[in-house]
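All remarks here apply to the structure that follows.
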Amino acid sequence: MYAFELPIMRVTSGIVLLVVSGFALPISMDGAEARHAEFSAEVRPALERFCFDCHDSGSKKADVDLEQFDSEAAFWRNPKLWERVEVQLRERVMPPPKKKQPGDDERARLTEWIHSALEHPDVELVPHDPGPPSLHRLSRVEYNNTVRDLLGVDTHPADAFPPDGGGGGGFDNNASTLFVPPILLEKFWDASAKIVAAAKPELLHKAQAGSSGYRAELADLARRAFRRPVETAEVDRLASVYDSATARGETPGDAFALATRAVLISPHFLFRIETERGDGAEPYAITDFELASRLSYFLWSSMPDEELFARAAEGRLREPGMLEKQVARMLADPKAHALAENFASQWLRTKELYTSVAPAPDKFPQYTAELRDAFYAEPLEFFGALLRNNLPVSDLLDCDYTYANEILSHFYGISDVKGPAMRRVALPDHARGGILGMGGVLALTSYPRRTSPVLRGKWVMEEILGTPPAPPPPMVNTQKLGGEKPQDGLTFRQRMERHREDPKCAGCHARMDPLGFGLENFDAIGAWRTEVGGASVDSAGKLVTGEPFSGPAELKRLLMERKEAFLRNLTEKMLSYALGRGIEPADWWPVQQIAKAVAADGYRSQRLALEIARSYPFQYRKSSSNTKIALTTP
């Protein structure tokens, strides 16, 4: 019935085939058994010798407790953590300097064991869990878009609501942070009045004369607003609102408007409610109507359209090829700009351009409100076109084009672009192409008066590679390094390198700083420069794995060699956004399978959206008594 397979095992001639989403990963049964034995004989003892001083259940430095993993089965409670452990072992970040170090052979064996386990997991040990259930209130953006598509009202009534909470990877659609404070209940009621006033001409048309005409219109309105078929009793309650109003002498139009307000304050409209089944122990597939809503709020931040409703009513959304068709259709719709606007701006953090980025006016007078707006628009237009044209997501790392208008093109030194409209613009080389060369990203990773290799390197590690550094030691002030001009005979870079000699700082800064230095040809607002502080820009660096580079083009070339890590991180971010919750340890396996499918399809961006829609956590849920509320339509 469904267009995907759950993970299963097939045993053929002593080989286990892990089959999911079209991939078969062979694991020798003898090899799996050997790996189990090796964990107890070598891996666990090595952790005890080299890691438990800082990362046992008592110390938990950086909130990491490795002592809890006393078997390979326990290993799978948090595979994402083990990805970080592998990277830090391979890059010799851990154990830190002055701590007891494993020999090269022992480090290699430990790293290889973790890598092998993650690449070829034992399917019997990998958890399959759709994640915690939640009751998802419409966010402000979702509310505005939904009333627009439901009633044609595009006045953004939810802008008057209290701000939505942030969470779930930094996204404001995280269900666990979308609270309902008392003031918001009042705002819902006030908004309903403003919405029906704006929609009055349409409502007057719907308020048909006759004994059953208005009931049919109310039933259709409720079906679309609640995003599912409605029951007769629900229509009866809405009709009673209409009938009571007309009995008091209200006109049919005013009576229908009042019944519409009842729809708009119903929890079935305000929340994306999904069916509760069972006791929460066993996951189950969501209904086709629920899948249609998940899909539409993922790609459009709004309710399903009639095409999705029709396929859901027919029970066809999981037919072979149907999700592919719907995802392609929806991404071609102008409403898909919501995915770029709401996902990309929060993933890349470019919303901060309007809240916390403030370059010094005396040093950067060219940073105007118009340039800031173009900085904000560039990655959104880029990401939207990437999805619309099904281009590879690796273009986000490196490419020879961007999206710019006249003011941004002039800032980048590109001529012959006129007018305020953003359009695709060819770049003369690979120094700027991709998100690392975008002015908005470069400005938000700088200080008001100078660049910050630390902030830029940290941003690359977090948002590109998905390997965030540990928090800095208390009382660290990176701005004490001063400005970009030489001080005490030392350039800014030399002062940075001296600062890195502190053993407490060396581990993280050895990874972060070279990434940031590779972007030093861009000043604090992203303008290209060849000199800094009276000396030539030094944008050379060396990754902790030994590869040297000089300048942003060569840095991006090395990042392209790590595009699989970038893809996994992007997948994790977008899956979190699509689910409206933070990533859980059990999501590690779906993330791997999604990323492999995308890589096999040439990193195509629409494949990423499709595989998320096909994934187990997107199509399944489990019940919880904690999410049950009284749901009675007014």
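Here the structure is a predicted model, which is why all the values come from computation and not from measurement.
- A search for ring pair (Phe, Tyr, Trp, His ring centres under 6.0 Å) contacts involving Tyr354 returns Tyr376, not counting sequence neighbours.
- Partners of Arg607 by side chain to side chain contact (heavy atoms under 4.5 Å, CB included), not counting sequence neighbours, listed by chain and number: Val598, Asp601, Arg604, Leu610, Glu611, Arg614.
- The heavy-atom pair separating Phe188 from Arg137 by the smallest distance is CZ-CD, 4.0 Å.
- The two residues Ala609 and Leu299 have their closest heavy-atom pair at CB-CD2, 4.2 Å.
- In this structure, a donor-acceptor pair under 3.5 Å is absent between the side chains of His430 and Arg557.
- By the side-chain hydrogen bond (donor to acceptor under 3.5 Å, both in side chains) test, Arg424 pairs with no residue at all, sequence neighbours left out.
- Annotation for Phe309 and Arg224: closest pair CZ-O, 3.9 Å, computed over non-hydrogen atoms.
- For the pair Arg318 and Asp288, the salt-bridge criterion is met [side-chain N within less than 4.0 Å of a carboxylate O].
- The closest side-chain heavy-atom distance from Leu323 to Gln619 is below 4.5 Å.
- In this view, Trp459 satisfies the ring pair (Phe, Tyr, Trp, His ring centres under 6.0 Å) rule with no residue, not counting sequence neighbours.
- Between the side chain of His156 and the main chain of Arg140, no donor-acceptor pair closer than 3.5 Å is present.
- Residues meeting the side-chain hydrogen bond (donor to acceptor under 3.5 Å, both in side chains) test with Thr402, sequence neighbours left out: Glu378.
- Between the side chain of Arg456 and the main chain of Leu442, a donor-acceptor pair closer than 3.5 Å is present.
- Not counting sequence neighbours, the partners of Trp82 by the ring pair (Phe, Tyr, Trp, His ring centres under 6.0 Å) test are Phe69, Phe75.
- Distance check: Ile464 CD1 to Met461 CE gives 12.5 Å after rounding to the nearest 0.5 Å.
- Using modelled atom types, no side-chain atom of Asp587 and backbone atom of Pro590 make a donor-acceptor pair closer than 3.5 Å.
- Relative orientation of the Tyr143 and Phe161 rings is perpendicular, given thresholds of 30° and 60° on the angle between their planes.
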Given side-chain hydrogen bond (donor to acceptor under 3.5 Å, both in side chains), test Ser605 with Arg388 step by step and report yes or no.
-> CA-CA 9 Å; Ser605 55; Arg388 189 167 57 251; over 6 Å; no

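- Every pair passing salt bridge (Lys or Arg N to Asp or Glu O under 4.0 Å) that includes a residue from residues 394-409 is listed here, sequence neighbours excluded: Asp398-Lys556.
- Atom CZ in Phe269 sits 8.5 Å away from atom CE in Met303 (nearest 0.5 Å).
- Partners of Thr275 according to the side chain to side chain contact (heavy atoms under 4.5 Å, CB included) rule, which considers only residues two or more places apart in sequence or in another chain, are Arg277, Thr287, Glu290.
- Ser394 OG to Leu559 CG: the interatomic distance, rounded to the nearest 0.5 Å, is 12.5 Å.
- Counting only distance, with no hydrogens or angles, the side chain of Arg562 and the backbone of Leu558 share a donor-acceptor pair below 3.5 Å.
- Using a 4.5 Å cut-off on side-chain heavy atoms (C-beta onward), Leu567 and Glu564 make no contact.
- Rounded to the nearest 0.5 Å, atoms CZ (Arg228) and OG (Ser293) are 10.5 Å apart.
- At least one donor-acceptor pair under 3.5 Å links the side chain of Ser266 to the backbone N or O of His268.
- Relative orientation of the Phe171 and Tyr577 rings is perpendicular, given thresholds of 30° and 60° on the angle between their planes.
- Closest approach of Pro379 and Leu348 over heavy atoms only: CB-CD1, 3.8 Å.
- Applying the salt bridge (Lys or Arg N to Asp or Glu O under 4.0 Å) test to pairs two or more places apart or on separate chains, those with a residue in residues 342-355 are Asp172-Lys351, Arg349-Glu352, Arg349-Glu462, Arg349-Glu463.
- Taking the six-membered ring for Trp and thresholds of 30 and 60 degrees, Phe343 and Phe383 have ring planes inclined between 30 and 60 degrees apart.
- A 4.5 Å side-chain heavy-atom check between Glu319 and Glu314 finds every atom pair outside the cut-off.
- Under the 3.5 Å distance criterion, the side-chain polar atoms of Asp333 are left unmatched by any main-chain donor or acceptor of Ala336.
- Closest heavy-atom contact between Ala292 and Ala312: CB-CB, 4.3 Å.
- Side-chain contact between Gln593 and Ser615 is absent, with no heavy-atom pair separated by less than 4.5 Å.
- Under the 3.5 Å distance criterion, the side-chain polar atoms of Glu83 are left unmatched by any main-chain donor or acceptor of Pro79.
- In terms of modelled atom types and a separation under 3.5 Å, the side chain of Arg223 and the main chain of Val230 share no donor-acceptor contact.
- Side-chain contact between Tyr616 and Trp589: absent, with no pair of heavy atoms (C-beta onward) separated by less than 4.5 Å.
- Although no hydrogens or angles enter the test, the distance criterion places a donor-acceptor pair under 3.5 Å between the side chain of Arg294 and the main chain of Phe618.
- A donor atom on one side chain and an acceptor atom on the other are found under 3.5 Å apart for Arg621 and Tyr284.
- Judged by distance alone, the side chain of Trp300 and the main-chain N or O of Met330 form a donor-acceptor pair under 3.5 Å.
- Closest non-hydrogen pair, Arg568 versus Ala595, comes out as CG-CB, 3.9 Å.
- In this structure, Glu282 and Ser623 have side chains that are not in contact, with every pair of non-hydrogen atoms separated by 4.5 Å or more.
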Please output the side-chain donor-acceptor pairs of residues 146-155 that fall under 3.5 Å, not counting sequence neighbours, one pair per line with the distance.
| residue | atom | partner | partner atom | Å |
| --- | --- | --- | --- | --- |
| Thr146 | OG1 | Glu142 | O | 2.6 |
| Thr146 | OG1 | Tyr297 | OH | 2.9 |
| Arg148 | NH1 | Asn145 | OD1 | 3.4 |
| Asp149 | OD2 | Ser302 | OG | 2.5 |

Please walk me through it: do Leu386 and Leu391 pass side chain to side chain contact (heavy atoms under 4.5 Å, CB included)?
CA-CA 5 Å; Leu386 202 74; Leu391 298 174; 3.7 Å; yes

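- Contact annotation: the side chain of Leu397 approaches that of Lys563 to within less than 4.5 Å [non-hydrogen atoms, C-beta and beyond].
- Residues satisfying the ring pair (Phe, Tyr, Trp, His ring centres under 6.0 Å) test with Phe411, not counting sequence neighbours, are Phe375.
- Side-chain atoms of His128 and Tyr620, non-hydrogen and from C-beta on, never get closer than 4.5 Å to each other.
- Distance check, rounded to the nearest 0.5 Å: CG of Asn342 to NE2 of His337 gives 8.5 Å.
- Remark: Ser356 OG to Leu444 CG distance equals 7.5 Å, nearest 0.5 Å.
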- Query: What's the verdict on side chain to side chain contact (heavy atoms under 4.5 Å, CB included) for Phe382 and Leu396, showing C-alpha distance, side-chain angles and the deciding distance?
  - Reply: CA-CA 8 Å; Phe382 188 104; Leu396 290 161; 3.8 Å; yes

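- Within the structure, no pair that satisfies the salt bridge (Lys or Arg N to Asp or Glu O under 4.0 Å) test touches residues 425-438, not counting sequence neighbours.
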